[in-house]
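What you see below is based on every heavy atom in this structure, not just the backbone, and it leaves out hydrogens, waters and symmetry mates. What you are looking at is a predicted structure, and each value in this text was computed from that prediction instead of being measured. Per chain, numbering begins at 1; letters A, B, ... match sequence-line order.
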Number of protein chains: 2
Amino acid sequence: MALHTTNVLTKIRAMIMDGEIAPGEKLAEIPLADKLGVSRTPVRLAFRTLEQEGLLIRPGKRGFQVREFSTSDIQCALEIRGALEGIAARRLAEQGLDNTTLEKLKEAVKAGNSLLQKGYFVEEDIEQWNIINVAFHNTIIDASNSAPVRDAIARNNHLPFASVNSLVINTKVLDAEFKKIQFAQVQHQAVLGALIKGEGARAENLMREHAQVALHYTDAFGLPAYKINHSI
Amino acid sequence: MALHTTNVLTKIRAMIMDGEIAPGEKLAEIPLADKLGVSRTPVRLAFRTLEQEGLLIRPGKRGFQVREFSTSDIQCALEIRGALEGIAARRLAEQGLDNTTLEKLKEAVKAGNSLLQKGYFVEEDIEQWNIINVAFHNTIIDASNSAPVRDAIARNNHLPFASVNSLVINTKVLDAEFKKIQFAQVQHQAVLGALIKGEGARAENLMREHAQVALHYTDAFGLPAYKINHSI
DNA sequence: TTGCTTATTATTGGATCCATAATTTATGCT
DNA sequence: AGCATAAATTATGGATCCAATAATAAGCAA
């Protein structure tokens, strides 16, 4: 059976993320519709959304093009994420944590600690960390009660390299991954501490700095930007 | 003659901004298409874009709804703008100003000073300030060479109250407007100073603080959020 | 051969049609 | 009378059609 509605959107997005459609490549409605086995309509709708997400651009009057991202763009997107999540953290600290939020965050930190305890990582551990990490970040974003921030983060996350949960496992760099995540976990603990104490400014600064971890590992791996694991 | 393509999008957006379509109101394709004298297709496309922009939400399975914004949302959106423009300013300071950028910014500051010289404002002066203000902000954003920041700001600007150039002239508060703009002008000068000296962190802080001016005037006017002049 | 104009082709945007799914209304049963 | 279920209406998503326009190819002239 053929793809439909939102599936078309997510499918095209995935194709871009995975590099199946290369950056810079031109996209026309009809070939893509044929390839996906649907009519032009859902593709047209998806193009508008993807344009807004920043994954597609309109080079001229006709047709869309997969956007190309520079190293500077990657830095930028991660700074944006840091800034936005920083705002969320500060707002949350200022308004105070409710019990369920506190429990969720404590749980994420606890789970992170036990995961890191054995001192090294195998592939599955990184997947596990990814779950814990996303939970930690999303809990803060959701609890901060800041819809515009949440939305801005969601849109920014569509840039493949800037997502909280973009995860590509690279077995060659498992050691580096472990060290990075170890550091990220320490930062999570620090953020939680600031949140509990209601120290908004500190929570914000810590969160901003936290986003930089991914940045500092971007060049080191010598991987294409899209393939970097920014799951910190 | 009827509206077309992008016109439909901008028309609907304007209707929301102007309050012609009220926050919370449900929007269906057919009535709106009829009202605008077009078919469902351009309306459908516009809905997707407006959803991404955050102006429309999908309450259930069927239909869209004009999003309602709380005071907290307004604060949020302005904080976001400050954070994003702050990043742009820092990046610009770090990479240095080229000559044309420097000239544009100097010109904006100079124009602002002469506009404020007479000590009071009439309506046309506010319109004039709006032009100068938008030029100052956009110059920094464009020159910062930070496409993701530019995009994030553009999207955030679609929230009616968070736009750099959302301008509603309220003659009742011309005095308050003048004072606010006087303050904003001082901040523009400070930002330019930091940019020239290459003081990235300071430029960022100043820019963030600058965005707060609008926030502090939000409540004071006793106007609906949509109608506030945030042209600072 | 090169540049310009014209003609052809292809792609996009808008309109309409159809099928599906959701909402609302009506009817029947407890 | 109230609730539940069923039927009818209405809106949405997808497909297709048509017209307009942009891109490209061909042909003509310098």
Item to check | Rounded interatomic separation in angstrom, taking CD from A/E51 and P from C/dG13 | outcome: 10 Å
Next on the checklist: How many whole angstroms separate atom CZ of A/R58 from atom P of C/dT11?
Outcome noted: 17 Å
Checklist entry - Looking for any heavy atom pair under 4.0 Å, which part of the strands does B/G63 touch: base, sugar-phosphate only, or nothing? => result sugar-phosphate
Item to check | Rounded distance (Å) that lies between atom C1' of D/dA22 and atom CD of A/E29 | outcome: 14 Å
Checklist entry - How long is the line joining NZ of A/K61 and P of D/dT24, in whole Å? => result 16 Å
Checklist entry - Starting at CZ of B/F47 and ending at C1' of D/dG13, how long is that distance when rounded to a whole Å? => result 14 Å
Next on the checklist: Using side-chain heavy atoms (C-beta onward) and a distance below 4.5 Å, is A/T139 in contact with A/E107?
Outcome noted: no
Item to check | Closest nucleotide among D/dG14, C/dG13, C/dT16 to the B/S39 side chain | outcome: C/dT16
Checklist entry - Does a side-chain N or O from B/R48 land closer than 4.0 Å to OP1 or OP2 of D/dG13, or not? => result yes
Item to check | A/L45 CG to D/dT12 C1', straight-line distance once rounded to whole Å | outcome: 11 Å
Checklist outcome for this item: Of A/T41 and A/F64, the one whose closest nucleotide on DNA chain C sits nearer the 5' end is A/F64
Checklist entry - For the base of C/dA21, is there a side-chain donor-acceptor partner from B/R62 under 3.5 Å away? => result yes
Checklist entry - Does the distance from a Lys or Arg side-chain N to an Asp or Glu carboxylate O, for B/R90 and B/E94, drop under 4.0 Å? => result yes
Checklist entry - Under 3.5 Å, is there a donor-acceptor pair between the B/S72 and A/R91 side chains? => result yes
Checklist entry - Do A/R44 and C/dG14 share a donor-acceptor pair, side chain to base, under 3.5 Å? => result yes
Item to check | SB check A/D142 A/K104 (cutoff 4.0 Å) | outcome: no
Next on the checklist: Expressed as a whole number of angstroms, how long is the span from A/R40:CZ to C/dT11:C1'?
Outcome noted: 7 Å
Checklist entry - Could you state the CD1-P distance from B/I30 to C/dC17, rounded to the nearest angstrom? => result 13 Å
Next on the checklist: Donor-acceptor pair, distance only, cut-off 3.5 Å: does the side chain of A/N156 make one with the backbone of A/A77?
Outcome noted: yes
